Every structure is written in C-alpha cells, then in structure tokens.
Amino acid sequence: MTQSATSAQSAAGDAGLLIETVTDPGLAPAIADVAAATFPLACPPHSTPENIAAHIEQVLSAARFAEYLADPRKQVLVARTGAGGPIVGYALLVHDLPADPDVRAAVDAFPAGAAAVANGTVTEISKMYVLPEHHAAHSELRPSHALMNAALDAARDRGATLVWLGVHSGNERAKRYYAKMGFRQIGTKSFNMNGAIEHDFVLARES
C-alpha cells in the first residue's frame with residue numbers, strides 16, 4: 001500500500017522516477033536491501049566491517065524497517081524507476097522533536113528553531129540513501145534531488161517549519177550536496193556505531 005506518490009520524468013527520455021510514501025511492511029526487506037548496500041558507502045574510512053555490519057543489523061534490518069513503517073511518527077519514502085520498478089533509494093523521516101540534547105540545543109538556537117520546538121513543527125531526515133549507480137553523475141533522473149524535494153514536501157505536509165539532519169563530519173560529498181539543497185550547519189552531535197563514537201554535523205533549514 002502507498003499513501004501518496006509523485007513522479008519525476010527524465011528530461012531526456014520516457015523513463016520516469018517515482019517517489020512514494022510506503023506503509024506496506026511487505027516492502028521492508030527490499031528497503032533494507034538498499035539500506036545495506038548504501039550505508040557502508042557513507043561510512044568514514046576507519047569504520048570496521050564488523051561495526052558496519054552490526055549497525056546494519058541493529059538499525060537497518062528488514063525487521064527494523066517494518067517497525068519504522070508502522071510508527072505514526074515516521075515516514076518512509078522510496079524512489080523507484082517507474083511504477084512497480086525496483087527501489088533505488090529511500091528516505092526515513094521522523095516527524096518529532098529531537099531527543100538528542102545536542103541537537104535540541106542547536107535547533108533551539110537556530111532562527112525560528114525555538115518556535116518550531118514550541119509548536120512541535122520539527123522533522124528530521126534521519127536517513128536518505130540512493131544506490132550509487134543512480135547518483136546524479138550516473139542518472140539523468142537525479143533520484144537524490146527528487147527524494148530530498150519529496151522529503152521537504154512531506155515535512156511541510158505534516159506542518160513542519162524546520163527540517164534537520166545529521167551528516168558525518170568527514171563526508172565532504174554529502175555536505176556539499178546538503179548545502180546545495182539549502183541546509184547549513186547549526187551544531188554537532190555524537191553518533192555511536194556499535195561502540196565506535198563518530199562525530200556528525202547537525203544541518204538544518206526552514207522547510
């Protein structure tokens with residue numbers, strides 16, 4: 001079952017890109033497969049295979065995605081290469097106030113952040129990944145941009161006035177991409193990957 005869908009058409013051909021919100025737990029294994037394939041590519045070079053595998057099992061398994069799909073505070077978007085096509089990317093949104101105290105302090109200090117917290121109009125883009133063969137450099141469909149635009153639309157639909165996300169401090173490619181999409185750094189937070197403490201930048205923008 002899907003709640004909503006928007007399509008983005010290639011400027012050069014007939015092949016379309018479909019972005020949709022999904023709620024069907026039967027899709028959890030397919031989303032988890034994309035998560036398992038893409039998460040290691042965003043990890044810092046010093047990450048061990050054991051820590052990466054443990055994180056995937058703890059956070060990105062099919063069972064965990066089934067939980068995310070059932071949680072009313074969360075929203076899972078997927079990118080497909082056309083209706084019924086394979087899933088090539090996904091985003092996980094959390095329509096709730098940040099629980100991390102460092103993020104909460106950064107959001108509170110952001111212009112309009114305190115009002116967003118007071119009104120409960122904050123959305124986190126918790127995860128957003130696209131299979132590498134479908135990155136903008138390899139695909140005219142630009143699923144990363146389509147997913148981000150759909151995520152911002154979804155946040156606005158839920159009443160969010162501020163959207164935030166975390167990105168590893170050493171992930172220069174991702175930081176450049178988020179800057180192009182209107183995000184700027186507002187703080188830092190720690191990220192525990194199976195006992196290894198990593199450091200994220202907290203980025204935000206008004207929705």
Side-chain angles (χ1 to χ4, degrees), residues 22-79 86-107 122-135 143-144 147-148 151 155 163-179 181 183-204:
V22 296
T23 57
D24 181 1
L27 291 175
I31 303 169
D33 285 346
V34 174
T38 54
F39 176 73
L41 304 177
C43 292
H46 59 261
S47 301
T48 66
E50 294 78 13
N51 285 347
I52 292 172
H55 181 83
I56 290 172
E57 177 62 27
Q58 294 163 9
V59 180
L60 302 173
S61 66
R64 292 308 305 272
F65 273 102
E67 294 175 6
Y68 302 149
L69 290 166
D71 189 334
R73 300 170 305 163
K74 295 181 172 65
Q75 184 174 0
V76 178
L77 305 175
V78 298
I87 295 173
V88 301
Y90 77 96
L92 172 64
L93 311 185
V94 181
H95 304 292
D96 204 354
L97 297 179
D100 185 301
D102 291 334
V103 177
R104 181 66 172 264
V107 169
V122 179
T123 288
E124 174 193 4
I125 301 178
S126 174
K127 303 167 193 2
M128 181 174 288
Y129 293 97
V130 170
L131 292 171
E133 61 268 30
H134 293 277
H135 287 171
S144 296
L147 264 175
M148 178 59 78
V163 179
W164 74 274
L165 56 86
V167 61
H168 191 272
S169 58
N171 192 335
E172 299 300 330
R173 180 179 178 276
K175 288 190 291 184
R176 288 193 299 270
Y177 166 73
Y178 291 130
M181 302 304 290
F183 288 85
R184 67 180 181 89
Q185 184 183 350
I186 63 169
T188 61
K189 71 181 183 72
S190 297
F191 171 69
N192 187 328
M193 188 167 73
N194 195 42
I197 304 302
E198 304 291 349
H199 301 286
D200 283 359
F201 287 165
V202 179
L203 312 182

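Just so we're clear, the structure is a prediction, and the values are computed from it rather than from any experiment. When reading the values below, keep in mind they use all heavy atoms of this one structure, side chains included, and skip hydrogens, waters and symmetry mates.
- Nearest approach of Asp102 to Thr188, heavy atoms of both residues: CB-O, 3.5 Å.
- For Asn171, there are no side-chain hydrogen bond (donor to acceptor under 3.5 Å, both in side chains) partners, not counting sequence neighbours.
- Tyr177 contributes a side-chain N or O that, together with a main-chain N or O of Ser144, makes up a donor-acceptor pair within less than 3.5 Å.
- In this structure, the side chains of Ile52 and Met193 come closer than 4.5 Å at one or more pairs of heavy atoms.
- Residues passing the ring-ring contact (aromatic ring centres under 6.0 Å, His included) test with Phe39, sequence neighbours excluded: His55.
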Tabulate below the donor-acceptor pairs under 3.5 Å that side-chain atoms of residues 58-66 make, not counting sequence neighbours, or state none.
from: Ser61; atom 1: OG; to: Arg64; atom 2: N; distance (Å): 3.2
from: Arg64; atom 1: NE; to: Glu67; atom 2: OE1; distance (Å): 2.9
from: Arg64; atom 1: NH1; to: Gln58; atom 2: O; distance (Å): 2.6

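- Side-chain contact between Met148 and Ile125: present, with at least one pair of heavy atoms (C-beta onward) separated by less than 4.5 Å.
- In this structure, the side chains of Ile31 and Val78 come closer than 4.5 Å at one or more pairs of heavy atoms.
- Evaluation of the side-chain hydrogen bond (donor to acceptor under 3.5 Å, both in side chains) rule for His168 yields Glu198 as partners, not counting sequence neighbours.
- Ile197 is not listed as a side-chain neighbour of Phe191, based on a closest heavy-atom distance of 4.5 Å or more.
- Side-chain contact between Val167 and Leu203 is present, with heavy atoms from C-beta onward closer than 4.5 Å.
- Side-chain contact check for Val202 versus Pro98: every heavy-atom pair is 4.5 Å or farther apart.
- Formation of a donor-acceptor pair under 3.5 Å by the Ser169 side chain with backbone atoms of His199 is found in this model.
- Annotation: side chain of Val88 is not in contact with side chain of Val34 (no heavy-atom distance under 4.5 Å).
- Residues that satisfy the salt bridge (charged side-chain N to carboxylate O under 4.0 Å, His left out) test with Lys127, not counting sequence neighbours, are absent from this structure.
- Residues forming a side-chain hydrogen bond (donor to acceptor under 3.5 Å, both in side chains) with Arg73 (at least two apart in sequence, or on another chain): Asp71, Asp96.
- Here the side chain of Ser47 pairs no donor or acceptor atom with the backbone of Cys43 at under 3.5 angstrom.
- Side-chain atoms of Lys74 never come within 3.5 Å of backbone atoms of Leu92 as a donor-acceptor pair (strictly under, hydrogens ignored).
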